[in-house]
Structure formats: structure tokens, C-alpha cells
Amino acid sequence: METKQEQEVFSMPRIGDNAPEFKAVTTQGNINFPGDYKGNWVILFSHPADFTPVCTSEFMTFANLEQKFAEVNCKLVGLSVDGLYSHIAWLRTIKEKIEYKGMKNIEVKFPLIEDITMEVAKKYGMIQPGESNTKAVRAVFFIDPKGIIRAVIYYPLSLGRNFDELYRVIVALQAADEFGVALPADWRPGDDVIVPTAGSCGVAKERMESKDEMHCYDWFFCTKKLPEAKIWDAVKKK
Ligand code: BEZ
């Protein structure tokens, strides 16, 4: 027989789903998600607990990079299952006391959601009982301007996120949309991009023989140049 915990439903939003809706209290006032963020990309992320070391290193890094994300039309929203007063006290401690890797006097200006009921955390699959029943894992949801989930990354409690990767994902998703291309392994702005697979053998043959800027490794794998400046023009102009 299943225990009560095993019967509990933990939903897991998937790529391509509408971001589940919720209203919440945050350190920056009330929010209505994702409605308040329509027209922007947003990274909704969770952390296990306030006043813990890995989370502190991550929050300082998120806050330090907030402007860099804003420049590519991306807002940040954090969440943990702690209460508002814990959030406020922790963020004040970070600002007033913590100096870490050259970052100091760091003010977190993006909203941090209080979720003591775990309502939002459960809706977003942030509570993963095999890891912890009482703390959210380090989830990262990349949500587009229409409120659609476009990528999801989960990290365990013990591992801090890679911020180069979070930024790369936001830029890559926008580049893929803007230019109708796919991005190969380890792609960074300025690297060659993948042209969608040709629909017929004839087109594929033409492509392989074409002398234009396209390079085909085989009929199903063609790349072309996409200058870095074009990427930044597209993602930074919005
Ligand atoms: C941390 O942020 O350091 C942490 C939080 C919860 C469990 C383990 C580590």
C-alpha cells in the first residue's frame, strides 16, 4: 500500500507547457505570475533555504548579473519555501556583511517569493522527495515572453548553478527563435549555427554542392555562419 506521501501529486511542468499560474508575496511586493512578465523572458528559479552557503553564493551571483540578464530582456524571480521575514533578513545580511569573490554590498533587487505552503514549489516540481521533502531543489525555468516554458534545468541541493550556462541558454533560445536555426554542442554567439534539415534528397544534394556560406558534414547536418554582432543586435534591441 502506498503511503500518503507517495500518493501526493507533484506536478512537473515540461518544455512547451504554459508556465503554471500563481499569485505570490515577494520581497518586492505581490506578483501575478506569469502575467506580470508577459513580453519579457524570465528565469524562475528556486533555492533550498535562506541562510545557507551555496544559496548565498548563488544569490550574490544572480544579483551581480541581474543587469546583464536585463540587457537580453530577461528578468529574474527567485523562490524558496522560507517566509518573507527570513528572506528579508537573509538579503539584508548578504548586503551588509558578505563579501564573496570580489562581490560586496550586493543588493538583491529582483523578487524572492515566499512559499511556506510549498504551493508554488509543488506546482513547478521543485520539491523532489528523493532529494528533500522540506526544501526545494535548485530548479531553473526559462520562460518566454508568451509565458511558455522553453527550457528547464534541475540541480541538487549540494551543487551551485553554472551562470555562464544560464546566460548561454537565454541567448541561445532567443537566437534560435530569431534566426530559425538550431545551436550545436557548446554553442556560443559567433559560432556556426545549424540549418534546419532539408525536407527532400534533392534539396539536401543541392545544399551539399552549393558554394554559399553553408557547410554540410552530411545530408542531415549543415551549418552556416551567423556573426556574433547579428546575435547581439537581435537579443539586445528588444
Ligand atoms: C546550501 O545552500 O549550502 C545548501 C542548502 C541546503 C542543503 C545543502 C546545502
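Note that ligands are numbered from 1 as they come in the structure, with each ligand's atoms numbered from 1 the same way.
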What are the atom names and distances for all N or O pairs under 3.5 Å between ligand 1 and the protein?
| from | atom 1 | to | atom 2 | distance (Å) |
| --- | --- | --- | --- | --- |
| ligand 1 | 2 (O) | Thr52 | OG1 | 2.9 |
| ligand 1 | 2 (O) | Val54 | N | 3.1 |
| ligand 1 | 2 (O) | Cys55 | N | 2.8 |
| ligand 1 | 2 (O) | Arg138 | NH2 | 3.1 |
| ligand 1 | 3 (O) | Pro53 | N | 3.3 |
| ligand 1 | 3 (O) | Val54 | N | 2.7 |

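In this structure, CD1 in Ile43 is found 10.0 Å from CZ in Phe110, a value given to the nearest 0.5 Å.
When each of Gln128, His47, Lys135 is checked for a side chain to side chain contact (heavy atoms under 4.5 Å, CB included) with Leu157, only Lys135 meets the rule.
For residues 183-192, the set of pairs meeting the salt bridge (charged side-chain N to carboxylate O under 4.0 Å, His left out) definition, not counting sequence neighbours, comprises Asp192-Lys225. Within the structure, the ring pair (Phe, Tyr, Trp, His ring centres under 6.0 Å) test picks out the following pairs touching residues 60-80 (sequence neighbours left out): Phe45-Phe62, Phe62-Phe163, Phe69-Tyr167.
For Asp82, the side-chain hydrogen bond (donor to acceptor under 3.5 Å, both in side chains) partners two or more places apart in sequence, or in a different chain, are Ser80.
Classification of Lys68 and Glu71 as a salt-bridged pair fails, no side-chain N sitting under 4.0 Å from a carboxylate O.
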